[in-house]
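Only one structure is covered here, and it is reproduced in the block below.
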Amino acid sequence: MTRPKPKATTGVPTGRNNPSEISRDHLADLYGRLLTIRRAEERLQKLFADGEVPGFIHLSIGQEAVSVGVMDALRDADTIASTHRGHGHAIAKGMALEGFFAELLARDEGVCRGRGGSMHVADMKIGMLGANGIVGAGLSIALGSALAHKTRGTNDIAVAFFGDGAQAEGLLHECLNIAALWKLPLLFVCENNGWGEFLPTTKHLAFQLGDLAAAYRVPHTRVDGNDVVAVQAAAHRIVEAMREGAGPMALECVTTRVRGHFEGDAQKYRDPDELAALAALDPVRRVADQLAALGLGAAALEAIDAGVAQKVEAAVAHARTGTDPSFEAACADVYAEGGRA
Amino acid sequence: MAELRYQKAIGRALEDAMTADPTVILFGEDVAEAGGSFGATKGLREKFGAARVFDTPISEAALAGAAVGAAVSGLKPVLEIMFMDFTTLVMDALVNQAAKARFMFGGRCAVPLVLRTPHGGGLGAGPQHSQCLEAWFAHVPGLKVVCPSDPVSAYGLLRAAIDDPNPVIFVENKSLYASKIDAPDELPAFEVGKARIARPGADVTIVTYGGALRTALAAADALAGEGVEAEIVDLLSLQPWDEATVLASLSRTHRLVVMHEAVEAFGVGAEIAARMADIGFDELDGPIVRVGAPFMPIPFSKPLERAYMPSVENLVAAVRRTLA
Ligand SMILES: Cc1ncc(C[n+]2csc(CCOP(=O)(O)OP(=O)(O)O)c2C)c(N)n1
Ligand SMILES: [Mg+2]
């Protein structure tokens with residue numbers, strides 16, 4: 001007997017668009033940023049298939065609007081802790097494509113000098129505290145960063161990105177409790193893509209994030225995570241309140257994982273109907289359509305895409321000509337030198 | 001000179017570090033209002049205020065992760081974990097996050113955090129409140145581990161640990177909290193990674209650390225009565241450990257015993273013995289002997305616990321074995 005394949009049933013995005021609250025220029029800017037992540041990851045997909053990217057990679061294709069929408073409300077001094085699926089977070093937070101691709105191709109010129117790879121891209125200078133190979137770990141790192149912001153008296157905020165699957169980790173409870181208790185400027189962003197590896201959320205969780213957050217009196221907002229306008233609108237509203245001292249908030253973005261859990265995962269466990277429905281929910285295509293409706297011509301859209309593609313290609317070329325990391329330099333960085341931090 | 005208690009030395013190191021550096025913060029379960037489970041942090045909340053010294057919920061995993069997040073965001077957190085046994089709950093933050101961040105992010109950040117935690121038996125605290133787990137941390141590249149043996153080294157090493165740009169596990173032996181010593185008013189600086197000769201002697205080297213130093217000193221007295229002069233190396237720092245000082249002592253005495261309160265199997269002593277059997281091979285005139293706790297959980301009953309703890313007699317017997 002063949003079992004019916006499970007579907008992601010945590011609430012599929014509606015596909016409705018609401019570009020009215022945002023200027024065309026702003027939307028065009030968001031479009032460029034969405035496309036940057038999309039084209040970068042499509043390029044990675046190819047590089048990985050060609051054997052140029054060692055290890056394994058988790059792509060965020062289909063989830064770009066979460067990264068771009070949330071980061072639209074942040075500034076450099078705000079900090080984010082990311083996940084194993086962190087390319088979009090890193091690029092949206094401002095990571096240069098050169099350093100990003102060089103890292104993925106394991107070059108010394110990479111943001112982590114070829115020591116971290118896909119699951120560890122980080123750049124403290126732009127407040128990107130790292131992708132993370134440990135599910136849920138970013139929650140407590142962001143908690144500590146929020147604590148630092150508050151202790152130092154800034155009105156910067158910290159953001160913890162986590163997947164729906166990560167909600168089953170005990171750290172979520174600990175961090176919600178502490179953030180609420182201490183009124184920390186910590187934004188919990190759940191990227192609910194309906195899947196944790198090969199198991200749908202319904203088989204991971206007995207609760208909804210909204211109910212859990214309510215238990216800690218942490219305000220919870222649920223948005224269509226494939227609608228960048230909705231995500232950025234919610235993020236701006238939430239972040240503004242947090243800068244005024246509102247304490248922690250939760251933003252749940254319902255989104256879609258288009259590729260497999262990792263590259264090479266053929267997703268045989270997913271319902272064909274669910275996969276077929278993904279194209280209509282594409283967060284990048286939706287913005288292109290919105291822009292077209294607002295009068296931006298095909299040529300202008302094409303130009304944005306061409307500009308992005310050119311930047312991606314240049315970064316890939318730069319990475320390819322990079323150097324192999326030095327083992328001696330790596331050994332020297334196990335510990336920081338000196339008696340003082 | 002004035003009398004200095006171990007527990008007070010810890011408090012004074014924290015106070016001086018917090019005065020010297022406004023980015024140092026202190027948090028943990030009952031460290032603020034109650035002044036710490038062993039009283040080491042008394043008065044700090046009053047002096048530095050609730051923004052820098054605060055009590056926490058019982059959430060070790062999140063607190064350790066938060067220490068990492070705070071450390072990469074401009075603070076120098078000092079986290080107290082009430083008993084070393086509870087560090088089982090902070091392993092991800094320490095092993096996967098704190099220890100690796102600098103390396104894994106290309107040498108472009110530092111994680112200046114200190115985790116203070118008490119270890120050791122002798123208090124009848126039973127299997128889950130007595131363990132010496134320092135070897136776990138010493139096994140992880142990126143972490144440092146120190147274990148002072150008296151009030152003066154506790155002060156100096158805690159200052160050094162807080163100044164260190166790396167994550168440091170600062171291990172406090174419970175049996176030492178009430179110990180006192182005549183100390184100079186101006187306390188000396190200590191360096192992470194440096195051992196000291198706690199007692200000179202020509203016949204055998206005993207390497208030890210923390211609370212076990214007192215056992216070693218007592219054994220050395222007993223051995224002196226038999227005409228055997230033991231040299232005692234007090235490691236103070238376990239990761240990195242002072243290979244040069246141990247090797248130099250071995251080169252003088254040609255016999256080596258390594259002793260600690262932690263379980264002997266796969267312990268700190270195993271590492272030191274293996275290393276000295278290699279680089280000190282030509283110096284050795286007898287087997288390297290280890291003395292540590294037996295391979296069993298720490299029992300609760302006093303007589304059982306006494307039988308469990310490495311003793312003066314165990315150490316004397318070990319020295320006789322390598323001299324035989
Ligand atoms: C602590 C831990 N457990 C398990 C894994 C293996 N793992 C990696 S990603 C993943 C699924 C995570 O699901 P979710 O949080 O929904 O994120 P998504 O992959 O959907 O982005 C698992 C189980 C891990 N990396 N870390
Ligand atoms: Mg998921």
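So you know, we letter chains A, B, ... as the sequences are listed, proteins then strands, and number each from 1.
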What is the minimum heavy-atom distance between [X] and [Y], and which atoms define it?
| X | Y | result |
| --- | --- | --- |
| B:D55 | A:W182 | O-CZ2, 3.5 Å |
| B:M104 | A:C112 | O-CB, 3.0 Å |
| A:R113 | B:G106 | CD-O, 3.5 Å |
| A:L143 | B:A66 | CD2-CB, 3.9 Å |

Is [X] close to chain B through its backbone or its side chain, or both, or neither, when contacts mean heavy atoms under 4.5 Å?
| X | answer |
| --- | --- |
| A:L181 | side chain |
| A:N177 | side chain |
| A:A142 | neither |
| A:D123 | neither |

| Nearest-0.5 Å distance that lies between atom CD1 in A:I141 and atom CD in B:Q97 | 4.0 Å

| field | Spacing of A:E174 atom CD and B:L89 atom CG [to the nearest 0.5 Å] | value |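 Result: 8.0 Å between the selected atoms.
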
Looking at [X], I want to see if its [atom1] is surrounded by more than 12 non-hydrogen atoms of other residues, nucleotides or ligands under 6.0 Å.
| X | atom1 | answer |
| --- | --- | --- |
| A:F327 | CZ | no |
| B:I58 | CD1 | no |
| B:Q128 | CD | no |
| A:F56 | CZ | no |

| field | Option that, when pairs with chain B are counted at under 4.5 Å, heavy atom only, ranks first among A:S145, A:A148, A:G116, A:A336 | value |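 With the most close heavy-atom pairs to chain B, the winner is A:A336.
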
Between [X] and chain A, which part of the residue has a heavy atom less than 4.5 Å away: side chain, backbone, both or neither?
| X | value |
| --- | --- |
| B:K100 | neither |
| B:T23 | neither |
| B:I25 | side chain |
| B:V168 | neither |
| B:A51 | backbone |

If you tally heavy-atom pairs under 4.5 Å against chain A, which of [options] wins?
| options | answer |
| --- | --- |
| B:A101, B:A64, B:A61 | B:A61 |
| B:R102, B:E191, B:K144 | B:R102 |
| B:P22, B:G107, B:G142, B:A67 | B:G142 |

| task | State whether the side chain of B:R108 and the backbone N or O of A:V111 hold a donor-acceptor pair below 3.5 Å, judged by distance alone. | result | yes

| Under 3.5 Å: donor-acceptor pair, side chain of A:Y335, backbone of B:L143 | yes

| query | Between A:L129 and B:S73, is any pair of side-chain heavy atoms under 4.5 Å apart? | reply | yes

| Just wondering, do A:D333 and B:F105 contact through their side chains at under 4.5 Å, heavy atoms? |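 The answer is no, as the side chains (C-beta and beyond) never meet within the 4.5 Å cut-off.
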
| field | Cation-aromatic face contact A:R115/B:F103, 6.0 Å, 45 degrees | value |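 So A:R115 does make the cation-pi contact.
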
| Going through the distances and angles, do B:L63 and A:I178 end up as a side-chain contact (heavy atoms from CB on, under 4.5 Å)? | CA-CA 9 Å; B:L63 295 172; A:I178 294 175; 4.0 Å; yes

